Amino acid sequence: MKQGDTAWIIENNRTVRECKIVRINGNLVIIRFTDGCGTQLPLKRLYETQEDAYEELSYNDTLSRIQVEYDTENRRKWNGQML
């Protein structure tokens, strides 16, 4: 990715947003969203295509579902009491 390219970012682990790369400085990137807001973040949080971002989002969703199932099972086992 380089300056001026369009990229995609996952916000709050639930939404995918389009952005434009304004400047790259080492591992940090300054981006501007389509609504005019901007921010600085690590390069690893950007995805080249919307499909890549949605794929990562579905992977994270699967991991969180596994954690919720584990927590639910653990709560039933211990009934909320810690010894």
Side-chain angles (χ1 to χ4, degrees):
M1 287 191 259
K2 61 183 192 291
Q3 186 174 341
D5 285 352
T6 300
W8 299 86
I9 182 173
I10 298 175
E11 283 189 325
N12 300 326
N13 286 325
R14 63 186 181 106
T15 58
V16 175
R17 253 179 110 175
E18 182 180 7
C19 62
K20 185 175 181 180
I21 299 174
V22 176
R23 190 167 98 189
I24 299 175
N25 187 12
N27 191 31
L28 295 176
V29 179
I30 297 175
I31 60 168
R32 185 161 310 277
F33 296 109
T34 54
D35 62 358
C37 299
T39 188
Q40 180 175 343
L41 49 94
L43 187 61
K44 67 180 182 178
R45 290 198 48 206
L46 293 180
Y47 300 93
E48 291 186 15
T49 64
Q50 188 176 16
E51 291 79 23
D52 291 342
Y54 275 114
E55 184 178 311
E56 182 70 23
L57 187 62
S58 66
Y59 175 74
N60 289 341
D61 185 42
T62 304
L63 289 180
S64 65
R65 247 186 280 128
I66 291 170
Q67 182 64 35
V68 168
E69 290 170 6
Y70 174 77
D71 289 344
T72 305
E73 179 182 309
N74 199 24
R75 269 191 289 253
R76 276 190 233 130
K77 183 177 179 182
W78 296 103
N79 195 19
Q81 299 175 5
M82 298 300 290
L83 301 175

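Remember, it's a predicted structure, so these values are computed and weren't measured experimentally.
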Below 4.5 Å, heavy atoms only, C-beta onward: do Phe33 and Glu11 meet side chain to side chain? yes
Is the shortest heavy-atom distance from the side chain of Leu46 to the side chain of Cys19 under 4.5 Å? yes
Return the [atom1] to [atom2] distance between [X] and [Y], rounded to the nearest 0.5 Å.
X: Tyr47; Y: Leu57; atom1: OH; atom2: CG; result: 8.5 Å
X: Arg23; Y: Ile31; atom1: CZ; atom2: CD1; result: 14.0 Å
X: Asn13; Y: Glu56; atom1: CG; atom2: CD; result: 9.5 Å

Can you see which heavy atom on [X] is nearest to which on [Y], and at what distance?
X: Ile10; Y: Ala53; value: CD1-O, 3.4 Å
X: Ile24; Y: Lys2; value: CD1-CA, 3.9 Å
X: Trp8; Y: Thr49; value: CD1-C, 3.3 Å

Any chance you could lay out the side-chain contact (heavy atoms from CB on, under 4.5 Å) test for Asp35 and Arg17, step after step, and finish with the verdict? CA-CA 10 Å; Asp35 62 358; Arg17 253 179 110 175; 3.0 Å; yes
Run the side-chain contact (heavy atoms from CB on, under 4.5 Å) check on Glu18 and Gln50 step by step: do they pass? CA-CA 8 Å; Glu18 182 180 7; Gln50 188 176 16; over 6 Å; no
Do Leu41 and Met1 belong to the same hydrophobic cluster, where Ile, Leu, Val, Met, Phe, Trp and Tyr are linked whenever their side-chain heavy atoms lie under 4.5 Å apart, directly or via other members? yes
Determine yes or no for a side-chain-to-main-chain donor-acceptor pair under 3.5 angstrom, with Asn12 supplying the side chain and Arg14 the backbone. no
